[in-house]
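Scroll down for the structure; my scribbles are underneath it.
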Amino acid sequence: MAVFKCKMCGADLEIKEGQDIVTCEYCGSTQSLPKVDNERKLNLYNRANSLRIRNDFDKALFAYQSIIAEFDNESEAYWGAVLAKYGIEYVDDPLTGDKVPTCHRTLFESILNDYDYLKAIEYASENIKKMYQQEAVEIDKIQKRIIAASQKEEKYDVFISYKESDSNNERTKDSVFGEDIYDLLTEKGYRVFFSKITLENKLGYEYEPIIFNALRTAKVMVVIGSKEEYFNAPWVKNEWSRYLNFMKEDQNKFLIPCFFEMNAYDMPQEFLSFQSQDLSKIGAIQDLVRGIEKLIDKNNENNVLPQTNLINLSSLFRLIEDSLSRRNFEKASWILDEALAIDETNPQNYIYRLLINHSSTSLDELENKNINLSNDEDLKNAIYYSKEPLKQELEEFLNRNKNKFNVLKNKEITINNKDSIKKDIPSNTNDIHISLSNVDLINENAIKSNIEENDFLFLKEINNDKDKLNYFYKALELYKNKDYIRARQIFSSLKDYKTSKEFYDECTKNINESIYNRAITFLSNGYIEMAHNILRIIEGYKDSKELLLINDLNNETGKYYKALSLYKDKKYKEAKEIFLEIKEYKDSSIYLENIDSLIYDKAYNLALNYINEKEYFKAKNILEEIKEYKDSSSLLKNIDEEKLYDEAYKKIENFKKNGVTKAYEEAIEIYKYLKKYKESATYYLIKYNYKFYNRTLKKIEFRKNRTFIIVISIILFVLILAFVILFFTR
């Protein structure tokens, strides 16, 4: 019987095979269950649910997405991803005592239109689907109430994120620094969110509207940390990760990481591209406040970064040039991230990334390589942002590359419009999820065009509305068939037509995921260089940049994939040793559980074989080591002293008859274990000593020799008799 963690309270639920709905006996919540058909999947679900219950929503989301990557038809995994994405925590209703959802990660997008929610509905059984739908409606209402309440709040200028209490429930230094910054900024008239003060007289359910509004409206977030774990504390990470998402939509937002008593490079990976502030330096807080003033200066309409960034950018370019000259592409890439964070419109950034991605130190070196750059996004961006004469130089470089690969074609694209669109497909849908559901409505014969496969690579801008519609549904068909590369090319050409942009993003995500998974496969099998070449293509995707450090077995990433490789080679003991060193890294703890399970399972099966062969003593020794596993303890009880006594007796008889010395040694071991069980046990220990042992071996040897002599004598007698008969019959 599998043990599943309750999604509401975390208690253990015992579930039977085939059961899909269960009521928790501890909190009384009725909930849906995943298809738990193997122990690994169960462990993945329990870990993901545990992270979400602890409000570590980012890690929980990654855990659910890992399940989806491995089991892509699991409705419960998609539903878990939804709960993590919207920061759903189940709390006790003060009136009924029932567990009800509350939201800690408000989004403007309705949960009812969320991609993962629609996938959960798609794969769920009818009764579970109803549960999802009912809860989604309730969460949607909560979201709307939070958004409505947040709009009544005043706007904030600065959001200060920090950890309030340490493990001893004492106030942290981070909190003290934060309050100093809060005091200085409020004295200057800025509206600052500082949870210790801002939420001081608020009730728990009032927090989210205020936090959501502050994250949405603040121009600057200051994240303070004195320890790596403080930066990654669930509530702190919840704040800054949400703010980073708002930054993607609003370029006038800024994040300033502040650290002290730690190395800057131990801050979260997401902060490495931002300019950080060392609060341990004299006057650091005053400098920080002045910098914040410049960023949110009302007279500075464009919110331009201080001029010092321009100096930093040129310095970074010199460092990148130096790294490239030394062919240290990894270091160049790391520095480039900082340069891009300062100015995403500088064409030199994209030229550098082009060179780094293709392991080249200059454009001349790159031109001599056999690489098709006609669709390279970095080269396109470099041309787009550049001015003369650099623009002309880059365009000539691109044209030479195109001519080299003979990719320019002067074909006029013709489309047969007859029967090209199925009539029952809406022509004005604005929702990606509606469009996604319509993919299945497209009949294979509904779109008949004369577009050749290669022509998809050369589409630019399509202006004719009828052509757009044809191409849109052709792209949908390609998307449905998982031909994401060609589908993305068409969606890119269609720009903002219908939901092309959203589908373009979906295609990009799927392409990156495919590349990422291929790299992971190479890493797991020890092909590190091949994996690196692939990871450089998607360096910004997931933890690709981190995985480029795989050669260094002194870091956790290197150790993780070394252990993973050993695990896949079934070298469980070696893998376990490494996983124990990094048990908090990624899903190492799950692999440790799996390894223990695999080792125990192997031992358990071996014990069963010994029992079937009536080798009870060997079985007993194994079962005592794993007596907590499965029914080992009950099997142990069945191996009584009488069985062991009989086994020892048979082994002695085997020895006496056949001289199998191993049987004798095993019998003695059993008798030693039995001690005074039956008086004969002691008698046998005395009787069957080594004198007996040697005497028995001599007897067996004598019997063998005697048999040999008799056989030889018979053969000689027959030969002599035959000789005599032949002699007298001559």
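No hydrogens, no waters, no symmetry mates; every other heavy atom, side chains included, goes into these values.
At least one side-chain heavy atom of Leu592 sits under 4.5 Å from a side-chain heavy atom of Lys583. Side-chain contact between Cys24 and Cys9 is present, with at least one heavy-atom pair separated by less than 4.5 Å. The closest side-chain heavy-atom distance from Val223 to Tyr162 is not below 4.5 Å. Gln143 is listed as a side-chain neighbour of Cys103, based on a closest heavy-atom distance under 4.5 Å. Contact annotation: the side chain of Met221 never approaches that of Lys253 to less than 4.5 Å [non-hydrogen atoms, C-beta and beyond]. Contact of the Ile611 side chain with the Leu623 side chain is registered, since non-hydrogen atoms from C-beta on lie closer than 4.5 Å. Contact check for Met131 versus Ile21: side-chain heavy atoms found under the 4.5 Å cut-off.
Under the 30°/60° scheme for interplanar angles, the aromatic rings of Phe246 and Phe108 are found to stand perpendicular.
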Run His104 and Glu208 through side-chain hydrogen bond (donor to acceptor under 3.5 Å, both in side chains) and show every step you take.
CA-CA 6 Å; His104 295 300; Glu208 178 58 18; 4.9 Å; no
Passes side-chain hydrogen bond (donor to acceptor under 3.5 Å, both in side chains), Glu109 versus Tyr115? Steps please.
CA-CA 11 Å; Glu109 181 186 16; Tyr115 177 78; over 6 Å; no
Begin with the C-alpha distance, continue with both residues' side-chain angles, and end with the deciding distance and a verdict on salt bridge (charged side-chain N to carboxylate O under 4.0 Å, His left out) for Glu624 and Lys627.
CA-CA 5 Å; Glu624 282 179 344; Lys627 56 185 174 184; over 6 Å; no
Step by step, work out the side chain to side chain contact (heavy atoms under 4.5 Å, CB included) result for Val22 and Thr30.
CA-CA 6 Å; Val22 68; Thr30 300; over 6 Å; no
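Under 4.0 Å is where a charged nitrogen must lie from a carboxylate oxygen, and between Arg105 and Asp58 at least one such pair does. Under 4.0 Å is where a charged nitrogen must lie from a carboxylate oxygen, and between Lys501 and Asp505 at least one such pair does. The pair Glu229-Lys163 does not meet the salt-bridge criterion, since no charged nitrogen lies less than 4.0 angstrom from a carboxylate oxygen. By the 4.0 Å N-to-carboxylate-O rule, Glu477 lies close enough to Lys474 to be salt-bridged with it.
For the residue pair Thr102 and Tyr90, no side-chain donor N or O sits within less than 3.5 Å of a side-chain acceptor on the partner. With 3.5 Å as the limit, one finds no donor-acceptor pair spanning the side chains of Asn55 and Asn238. A donor and an acceptor atom, one from each side chain of Glu584 and Ser589, are nowhere located under 3.5 Å apart. Checked by atom type, the side-chain pair Tyr504/Glu506 shows no donor-acceptor distance below 3.5 Å. Side-chain N/O atoms of Arg54 and Ser50 include a donor and acceptor closer than 3.5 Å. Remark: the Thr106 side chain and the Arg216 side chain contain no N/O donor-acceptor pair separated by less than 3.5 Å.
Separation of the Tyr64 and Phe57 ring centroids does not fall under the 6.0 Å cut-off. Between Trp240 and Phe231, a ring centre-to-centre spacing not shorter than 6.0 Å is recorded. Remark: aromatic rings of Tyr484 and Tyr479 are close, center separation under 6.0 Å.
No donor-acceptor pair under 3.5 Å is formed between the side chain of Ser500 and the backbone N or O of Leu494.
Dense packing is recorded around NZ of Lys237, with more than 12 heavy atoms of other residues, nucleotides or ligands lying under 6.0 Å away. Atom CG of Asn612 sits in a crowded spot, with more than 12 heavy atoms from other residues, nucleotides or ligands closer than 6.0 Å. Other residues, nucleotides and ligands contribute only 12 or fewer heavy atoms inside 6.0 Å of the CD atom of Glu625.
One finds the OH atom of Tyr117 at 13.0 Å from the CD atom of Glu122 (value rounded to the nearest 0.5 Å). Atoms CG and CD1, on Leu215 and Ile210 in that order, are 12.0 Å from each other to the nearest 0.5 Å. Note that CG of Leu476 and CZ of Phe491 are 4.5 Å apart. Values are rounded to the nearest 0.5 Å. Rounding to the nearest 0.5 Å places CG of Asn49 at 7.5 Å from CD of Glu76. Atoms OH and CG, from Tyr86 and Leu61 in turn, are 11.5 Å apart once rounded to the nearest 0.5 Å.
Heavy atoms only, all atoms of each residue included: Ser32 and Ile128 are closest at CB-CG2, 3.8 Å.
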